[in-house]
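Numbering of ligands and ligand atoms starts at 1, following listing order. None of the values given here were measured: they were computed from a predicted structure.
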Amino acid sequence: MTQTKPQVQYRDDYQPPHYWIDTLDLDVQLHDSATEVVAISRIRRNGEHSEPLELDGEQLELLQVAINGVDTSQYQQTGSGLVLSQVPQEFVLTIRTRISPAANTALEGLYKSGNAFCTQCEAQGFRRITYYLDRPDVLARFSTRITADAGLYPYLLSNGNRVGQGRFDDGRHWVQWQDPFPKPAYLFALVAGDFDVLRDSFTTHSGRAVALEIYVDKGNLHRAGHAMDSLKASMAWDEQRCHLEYDLDIYMIVAVDFFNMGAMENKGLNVFNAKFVLADAHTATDNDYLDIERVIGHEYFHNWTGNRVTCRDWFQLSLKEGLTVFRDQEFSSDLGSRTVNRIRNVRIIRGPQFAEDAGPMAHPIRPDAVIEMNNFYTLTVYEKGSEVIRMLHTLLGEQAFQRGLALYLQRHDGEAATCDDFVAAMSEASGRDLSRFKRWYGQSGTPVLTVTDDYDAARERYTLTVRQHTPATLDQQEKLPLHIPLSLALYTAQGEPLTLMAEGRSVGPVLDVMEAEQQFVFEQVPSRPTPALLQGFSAPVKLNYGYTDEQLALLARCCLDEFVRWDAVQMLINKSVVAHLAQAQRPEAPALPRALVEVFRAILEDASLDRALKAEMLTLPDLGSLLELFERVDIDVLARVHEGLQQGLADALHPLWQQAYADNLTPAYRIEHQDMARRALKNVALGYLALAGDEALVQQQYHQADNMTDTLAAMKGAVRAGLEGGQAMLADFENRWRHDGLVLDNWFRLQATAPGEGTLERVKDLMQHPTFSLSNPNRVRALIGAFAGANPVQFHRRDGAGYDLLVSVLEQLNHSNPQVASRLVTPLIQFARLDDTRQAMIRSRLQRLMALPELSRDLFEKISKALA
Ligand code: B3K
Ligand code: ZN
């Protein structure tokens, strides 16, 4: 909370710290509302200067300060920390503070999740535990002694190795931890509680045994197995693909119910949102299983990309996040379907990431100016950041990329590095000039590639003209040409690929697009080809090329690049949506384009197609990505067109949907990629069958399902299609699962995203449900987040009631949990594509929020930008 205007921090202002901290010994006496922390650090001046030591600290009660063991009062407390003006060259600083974990609803620093104590320190939560140099370029060796009631908190955990323990007569006990690796404070963790523990071990490539421990709430042990398998798979994958081995003797994961995001990579002691740990067939969907594998992998991979080599400052966040997302995507792709993983990631880029670029929070993957760092854990830094790493991988190839990664890690091991350091290592290891490529780090916005072509039959020459243009974003007016890898292939009218020939020799598929406009000439092209552009989504750009329906149908059928096959269907759908809206805003549903029906038919009838890919090809883009096709559009009209297409496809291909359903039943539930693919396809078919009114089938699946994937697919089909049985299913589901928050989140989400006018009232009622609580981020995201973010039609109701609901929730969360509030506000600030009336209604709501007496920095940053 803040009264004074929040300050902007600039990347260019980076200064090395005035002091270093070599070691930190923490002594934490845990009590719900009066935890005492003694922090003893060895501090040393960095160079010759007389600057004061300025420690960060928030919401701390200061009890004692001592220098070299002698109490001192030579310090000033400021709003943001503690200033010591005259300190020796080298000294030991002792600070004793008191904090109240039980009162910490922001879930940053030390807090209570249910009955357990846990911490979240990234980005700047450590300053809520003690006064410290809370910045990522100050790396210290930590030792942590935790003392707590032995009965309530039998497990006391922190980073590194357990080096001592003992008991007191008063019923309390203590454990001492020592982390041999120097680390910034954001990687500190502490957990205390009573858990069930799943134990296993992993033998590293060099033969060291690592103890693996997963801590879950009592009674949940049987739901931790998949997380453990995923952890072992991650460790093996990093050794095989990147030659990276784990470095401590123990790796612990703790699952907690109250957590602001997915998980946290604290050294040797990850803290996870239980959602990304717990799974069994009855409670988790196939996608939950995949998400667990991905997030367990992601946090594990941070051990090298993030922990061993960390970030110099928070502007470099993508150095660890973009790279680690790339690593987790590769992990998931090596273990499962590469194409399906690619498609799912591209859906995120084209939907919410492009929307972020087009909104008031547009920023480069390495931001230049930040008010609240927590606001920059964004799709741009993470997902687009990963796309930038992927483009490097495309340009360099696997071998040179791995050499570059190894060089980067070896050169900066134990240090805090920058994005420039990373690109320098990649450039050195590959011999490639990446100077223009580096612009991706500093330039925000979505580049648009416009491709035109010309075929010279006489000379058998095919010329592509590629223009790139990045529209201005709210943070940046001027844009420069980027180095864009454009992967392509050329196809004959019969669907045969041509060998690419240029200047008399065969050339690779990746074009280096560097200039605002460039031409590429291909020779020995016997007839006018169809270009397969942006294979594998080789760059995070929007592509404009005037494909005909026939060309798209050809690519959907024949392209060797499976991503393009999927993308061709998407383009065909987009084309028909755009064409329909261009014909004047007619409210009635569009005539279903013949070409689209035929392409869908061909996909359904193609027995050679991978089932998981089929399922993706038959799934329409969501409303969010369709919105990105327009500068301005009426969301109601767009939604009606979208619904019309879905309904039309459901009716036109009814027998084929039935066939696809019947062909893909899985007899007994197994978590196995082949079976997941069958279920995905069967459940896509079920969705269409529900729209076509096949209520009996939907009922049958709901009542006979032996797994959560099928149960939810049936209930979702019924609710979305407005089938009569939907309400009974919801009631039954609630009865069965009311004791399990994670499972019930699906139920909240489904009702929040239901079509129809009554949804808003239902959401309000559900806020009174006994299991709903504004203090649990998972519940808030499942109900309010889903309503505002994934039900655009009802959220953007013309009477503004959707906005009012969100605003009233934000007013409350602004005080209790600013981070969650700030995530939730996104759909309210991304209004650029909406009609004037709605924009005006939203602005008035944002002004109301802006006038709140104690607006958090988090909301201030986003709302002030949206209103600017
Ligand atoms: N590094 C954490 C995210 C921390 C978010 C702080 N608001 C999880 C991750 O990306 O792995
Ligand atoms: Zn991460």
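Judged by the 6.0 Å distance and 45° axis criteria, Lys112 is positioned over the aromatic ring of Phe117. Geometrically, Arg312 engages Tyr14 in a cation-pi contact defined by less than 6.0 Å to the ring centre and at most 45° from the axis. Geometric assessment of Lys183 against the ring of Phe188 yields a negative cation-pi assignment under the 6.0 Å and 45° thresholds.
Where the criterion is an N or O separation shorter than 3.5 Å, residue side chain and backbone included, His298 meets it with respect to ligand 1. In terms of N/O distances under 3.5 Å, ligand 1 is not approached by Tyr377.
Assignment of Glu108 to the shell around ligand 1 is not supported, since no heavy atom sits closer than 4.0 Å. The shell of residues lying under 4.0 angstrom from ligand 1, judged by heavy atoms, includes Lys320.
Scanning the protein for heavy atoms near atom 11 (O) of ligand 1, the closest one is Glu299 OE1, 2.8 Å. For atom 1 (N) of ligand 1, the closest heavy atom belonging to the protein is Glu122 OE1, 2.6 Å. Protein heavy atom at the shortest distance from atom 7 (N) of ligand 1 is Asn374 OD1, 2.9 Å.
Using a 4.5 Å heavy-atom cutoff, the side chains of Leu212 and Met228 are in contact.
Relative ring orientation between Phe326 and His393 is described as tilted, the plane-to-plane angle lying within the 30° to 60° band. Taking the six-membered ring where tryptophan is involved, the planes of Tyr377 and Trp314 are tilted, since the angle between them lies from 30° to 60°.
Under 4.0 angstrom from ligand 1, there are no non-hydrogen atoms of Met373.
For ligand 1, the atoms lying closer than 4.0 Å to a non-hydrogen atom of Met264 are 1 (N), 2 (C). Atoms of ligand 1 found under 4.0 Å from any heavy atom of His302 (numbered from 1 in listed order, with element): 9 (C), 10 (O), 11 (O). For ligand 1, the atoms closer than 4.0 angstrom to any heavy atom of Glu265 are 1 (N), 2 (C), 8 (C), 9 (C), 11 (O). Every atom of ligand 1 with a heavy atom of Gln819 under 4.0 Å away is listed here by number and element: 7 (N).
In this structure, Lys438 NZ and Phe422 CZ are separated by 12.5 Å, a value rounded to the nearest 0.5 Å. To the nearest 0.5 angstrom, Phe195 atom CZ is 9.5 Å from Tyr155 atom OH. Here the CG-CD1 distance, from Leu190 to Ile146, works out to 4.0 Å after rounding to the nearest 0.5 Å.
The NE2 atom of His298 and the NE2 atom of His302 meet at the Zn ion (ligand 2) at an angle of about 100°, given to 10°.
Among the backbone and side-chain atoms of Glu321, an N, O or S atom lies under 2.8 Å from the Zn ion (ligand 2).
With atom 10 (O) of ligand 1 as the reference point, the heavy atom nearest to it among Tyr382, Phe376, Phe301, Phe272 is part of Tyr382. Counting heavy atoms only, Ala263 comes closest to atom 8 (C) of ligand 1 of the residues Gly306, Ser822, Ala263.
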Decide yes or no on salt bridge (charged side-chain N to carboxylate O under 4.0 Å, His left out) for Lys384 and Glu356, but give the supporting numbers first. CA-CA 11 Å; Lys384 184 177 177 184; Glu356 190 162 84; over 6 Å; no
